[in-house]
Amino acid sequence: MNCLLGPAPVSAGEPGLWWALAVADGASPEGSASQQARPVARFEPSQTARIVREAPERLGVPADRIRWTAPNIGGLSAAWLSEGVRVARCHDLALAQRILRARPESVGGYAPVVDLPVEQPQDEASSALVGRAPAGQSSFFDAAELTGGPDASAPDVLQLAAELAAQERAASASTHPARLRLLLAAESQGALIAEEIHATGLPWRADVHERLLLETLGPRPAEGERPPRLQELAGQIASDLGAVDLNPDSPTSVLRALQQAGVQVESTRQGELQRWIEAGGRDREQRRRLLGSTLEYKRLARLWTANGWHWLDEWVREDRFHARYLVGGVVTGRWSAHGGGAMQIPSAVRSAVLADAGQLLTVADASQVEPRILAAMSQDEALAAAGSTPDLYREVAKQGRAAGTRLQDRDRAKVALLGAMYGATTGDSGALLPHLRRLYPRAVGLLERAAAEGERGGQVSTWLGRPSPSPDERWHRAVAQTGTRQDEARAATLRRGQGRFTRNFVVQGTAAEWALCWMGEIRRRLTEAGLGTRLVFFVHDEVVLHGPEPEAEQVRGIVQQAAAAAGRLLFGAAPVDFPLTVSSVRCYADA
DNA sequence: CGGTAGTGCCAC
DNA sequence: AAACGTGGCACTACCG
C-alpha cells in the first residue's frame with residue numbers, strides 16, 4: 001500500500017492543505033491512477049508526523065506495509081524524526097525520477113509527469129528558519145514559506161500519484177524490473193537512513209579533540225595567526241632551506257625554495273618529497289633532515305586547516321558530529337557528504353570519536369568489496385571462487401601461481417585487479433593485465449566491454465540498473481573533431497577517459513548498491529529487534545553504530561547477517577562472500 | 001572585490 | 001607530470 005503525501009489539488013479548493021492518498025500496490029492501468037487513489041486524510045502540512053502515526057488505523061494496514069511516497073522524503077523525515085516518528089518503508093519520487101530519467105529508453109521511454117528535482121538538504125542557516133516554522137513541511141513547502149505565499153508550481157498529490165504510476169510502468173518496462181525496483185527501494189530507504197544518521201550524530205568528544213590539538217599544535221592561536229607549533233616549523237623550514245621570506249602555505253614559494261636548496265622536485269607533494277629522500281642513497285639521512293620540517297609542517301597544517309578548532313566550532317554540537325549526506329550525490333550512486341568532510345574524516349582525529357557511558361561503537365568494514373562485486377556481476381567462476389575466501393587477493397595470487405602467470409604474490413594480485421577496475425594502462429598494473437585476463441576472462445571481459453561502451457560515447461549500467469550519464473555535447477563535438485593530428489590525439493584522450501569512467505562506473509556503482517542494501521538490511525533488523533542501537537556514520541563500505549553495551553553482541557550479528565542478505569538481494573544465491581571486519585569498541589580509533 | 005582555477009591532501 | 005576511478009575541502013594565485 002502506497003500512501004502519497006502532497007498538496008491538495010487546486011480543484012478541491014483547499015489551498016494550503018495537504019492530502020494523504022492511499023494507492024494500491026502494483027502498476028495502475030494507464031491514466032487511471034487518480035481513480036484508484038483514495039484520499040484518506042486532509043491536513044495542515046505541518047501535521048504529516050501525526051498522519052504517519054495514525055495511518056495504520058485509518059488504512060487498516062500494519063505500519064510496515066505502508067510505503068510513504070513523496071518527493072524528497074529526507075525533508076519530511078527530518079520533521080518526523082524530531083517528533084519521534086520512524087517509518088519502515090518509503091518511495092522517494094524525486095530520487096527515483098533522477099535514476100529513471102538518466103536513460104529513458106531503457107525504461108520504456110519514461111517521461112516524468114511532473115519535474116521533481118532532488119533537493120539538497122538545507123544548510124544549518126536555513127534549517128534554523130525552518131525550526132521556527134511548524135515542523136513537518138516538505139522542502140518545497142518551506143521554499144514557498146520563505147518566498148512568501150504558496151508555491152503554485154509545486155505538484156499536487158494527484159500529479160504525484162500519476163508520477164508514481166509512470167515510475168512503476170517504467171520499472172516494469174526495464175530489462176530487469178525486479179532489480180530496478182530494488183534499486184528504487186534501496187535509494188529511497190537511503191534517504192531515511194541519511195536523515196537518521198544526521199539527526200542522531202556520531203559521538204564526538206570535543207574535549208578529547210581539543211586535547212589532541214593542544215598536544216600536536218599547541219594552544220589555540222588568535223584568529224589569523226598560526227598555532228605555535230606551526231609557527232615554529234615555519235621558521236625551521238626557512239632556516240633549513242635558507243629562504244628568508246618563505247610562505248610555507250604557498251606551494252609556489254615552497255617549490256622555489258626547495259629547488260634553490262638543491263632539492264630536485266617538480267612539485268611540493270608529500271609523495272614526491274618522500275621519493276626524493278628515498279632516491280638519495282647514502283645521503284638519505286641528510287635529505288630526511290633537510291625536508292623533515294617541511295614534511296612535518298604539511299602534516300600538521302592539514303590537521304589544523306581541515307580538522308582544527310574551526311572545524312570543531314562549526315561541526316560538533318553537544319558532542320555529536322551530524323554528518324549531512326547526499327544520497328546518490330556521486331554519479332555512480334555513492335553517497336557524498338556536504339559539510340564537515342564527513343567522507344574524509346582522517347584517522348588522526350578518530351580518537352575523539354568515543355561512545356557515551358554505557359554505550360559501545362560497533363564498527364563494520366566490508367573487505368575488498370569491489371573485486372567481489374566484479375566477480376559476482378561477471379559470474380566469473382574462478383574469481384568468484386577467490387571471492388568466497390576471506391582474502392580475495394591472496395587467493396588470486398594462489399591461482400595466479402598455479403596457472404603460471406605473473407600474478408605471483410598478493411601485492412601484485414591487488415595492483416592488477418585495482419588497475420583493471422580503474423583502467424590503468426601503464427606501470428605494473430598495466431603489465432599484469434594480460435595475465436589477469438588469462439586467469440579471469442569473464443571478469444576482465446565485463447570491464448573491457450564497459451570501457452568500450454564509454455569510448456563510443458554510450459551509457460553503461462550498474463547491476464541494479466543505475467545508468468551512467470551520457471557524455472555531454474562538448475565531448476561529442478571534441479571527439480568528432482579529427483582534422484589535425486592534435487585533434488585526433490585529443491579525441492583519443494577524451495575517449496580513453498570516458499572509457500575509464502564507464503569501466504569504473506559499473507563496479508563502483510554496484511558496490512554502492514550493495515552498501516545501500518547492507519544499510520537498509522541493518523536498519524530493518526535493528527527496528528525488528530527493537531534495539532536502541534542506531535546507525536551513526538557511513539563511509540562507502542563502512543558503517544558505525546552506537547548503542548547500549550549489552551546490545552553490542554546482537555548488533556554485530558545483525559551487521560553480519562545484513563551483509564550476507566545484501567549479497568543475496570543483489571545476486572541471488574551469492575556466489576561470493578562479503579566478509580566484514582566487525583568490532584565493538586569504545587573508541588573509533590581502536591576499530 | 002568576488003569568482004574560479006590550480007594545488008595538495010583526505011577519504012573510499 | 002601524468003599515470004589510474006569517485007568525491008570534499010582549504011588554501012593561494014589570478015582574473016575580470
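Keep in mind that the numbers below use all heavy atoms, side chains included, and drop hydrogens, waters and symmetry copies. Computed from a predicted model, the values in this text were never measured in an experiment. Just so it is clear: chains get the letters A, B, ... in the order the sequence lines come, proteins before strands, and each one is counted from 1.
- A side-chain donor-acceptor contact under 3.5 Å links Thr462(A) and Glu513(A).
- Within 4.0 Å (heavy atoms only), Gly430(A) reaches no atom of the nucleic acid at all.
- Arg226(A) has a carboxylate O that lies under 4.0 Å from a charged side-chain N of Asp249(A), or vice versa, which qualifies the two as a salt bridge.
- Separating the P atom of dT4(B) from that of dA3(C) is a span of 26 Å, rounded to the nearest Å.
- In this model, a donor atom of one side chain and an acceptor atom of the other lie less than 3.5 Å apart for Trp204(A) and His209(A).
- Salt-bridge check for Glu195(A) with Arg324(A): passed, with a basic side-chain N closer than 4.0 Å to an acidic carboxylate O.
- Of the charged side-chain nitrogens involved, none lies within less than 4.0 Å of a carboxylate oxygen, so that Glu278(A) and Arg275(A) do not count as a salt-bridged pair.
- The side chain of Lys298(A) contributes an N or O atom lying less than 4.0 Å from OP1 or OP2 of dC9(B).
- The side chain of Ser336(A) lies closest to dG8(C), out of dA11(B), dC4(C), dG8(C).
- Across all strands, Phe501(A) comes closer than 4.0 Å only to sugar-phosphate atoms, never to a base (heavy-atom distances).
- Within the 4.0 angstrom heavy-atom criterion, no nucleotide atom of any strand lies near Ser253(A).
- Between dA3(C), dG8(C), dA11(B), one nucleotide has an atom nearer to the side chain of Thr426(A) than all others, and that is dA3(C).
- Val331(A) comes within contact range of the sugar-phosphate backbone alone, with a heavy-atom separation under 4.0 Å but no base atom that close.
- Arg220(A) has a carboxylate O that lies under 4.0 Å from a charged side-chain N of Asp313(A), or vice versa, which qualifies the two as a salt bridge.
- In this entry the distance linking CZ of Arg503(A) with P of dC4(C) reads 10 Å, nearest Å.
- Arg299(A) comes within contact range of no nucleotide atom at all, as no heavy-atom separation falls under 4.0 Å.
- Heavy atoms of Ile345(A) sit under 4.0 angstrom from primed sugar atoms or phosphate atoms, though from no base atom.
- Under a 4.0 Å N-O distance rule, the pair Arg205(A)/Glu210(A) does not qualify as a salt bridge.
- Going from atom CZ of Arg324(A) over to atom P of dC9(C) covers 13 Å, rounded to whole Å.
- Separating the CG atom of Asp245(A) from the C1' atom of dT12(C) is a distance of 16 Å, rounded to the nearest angstrom.
- dC9(C) atom P lies 7 Å from atom CH2 of Trp315(A), rounded to whole Å.
- We find that CH2 of Trp304(A) is positioned 16 Å from C1' of dC9(B), with the value rounded to whole Å.
- No contact: Gly427(A) has no heavy atom under 4.0 Å from any strand.
- For the pair Ser267(A) and dA1(C), the criterion of a side-chain N or O lying under 4.0 Å from OP1 or OP2 is not met.
- Within the nucleic acid shown, Gln270(A) comes within 4.0 Å of sugar-phosphate atoms alone, with no base atom in reach, counting heavy atoms only.
- Residue Gln508(A) is in base contact, counting any heavy-atom pair closer than 4.0 Å across all strands shown.
- Proximity note for Glu266(A) (side chain, C-beta onward) versus dC4(C), dG8(C), dA1(C): the nearest is dA1(C).
- Taking atom CG of Leu300(A) as the reference point, atom C1' of dC9(B) lies 14 Å away to the nearest angstrom.
- Contact between the side-chain N/O atoms of Ser250(A) and the OP1/OP2 oxygens of dA13(C) is found at a separation under 4.0 Å.
- At the heavy-atom level, Arg334(A) lies under 4.0 Å from base atoms of the strands shown.
- Among the protein residues, Gly340(A) comes within range of the sugar-phosphate backbone only, with heavy atoms under 4.0 Å from sugar or phosphate atoms but none that close to a base.
- No hydrogens or angles considered: nothing links the side chains of Asp577(A) and Ser388(A) as a donor-acceptor pair under 3.5 Å.
- Nucleic acid contact for Ala337(A): sugar-phosphate only, since backbone atoms but no base atoms lie under 4.0 Å from a heavy atom of the residue.
- Residue contacts for Gly419(A): at a heavy-atom cut-off of 4.0 Å it reaches no nucleic acid atom on any strand shown.
- Between dC10(B), dA2(C), dG5(C), one nucleotide has an atom nearer to the side chain of Arg275(A) than all others, and that is dA2(C).
- OP1 or OP2 of dT12(C) has not a single side-chain nitrogen or oxygen of Thr252(A) nearer than 4.0 Å.
- Between His540(A) and Gly339(A), the residue whose closest nucleotide on DNA chain C is further toward the 5' end is His540(A).
- Taking the C1' atoms as reference points, dC4(C) lies 15 Å from dC12(B), given to the whole Å.
- Proximity of Arg302(A) to the phosphate of dC10(B): no side-chain N or O atom is located under 4.0 Å from OP1 or OP2.
- Nucleic acid contact class of Thr268(A) (heavy atoms, under 4.0 Å, all strands): sugar-phosphate only.
- For the pair Arg269(A) CZ and dC9(B) C1', the interatomic distance rounds to 10 Å; values are reported in whole Å.
- Nucleotide dG8(C) holds its C1' atom 16 Å from the CZ atom of Phe538(A), rounded to whole Å.
- Between Pro251(A) and Gly423(A), the residue whose closest nucleotide on DNA chain C is further toward the 5' end is Gly423(A).
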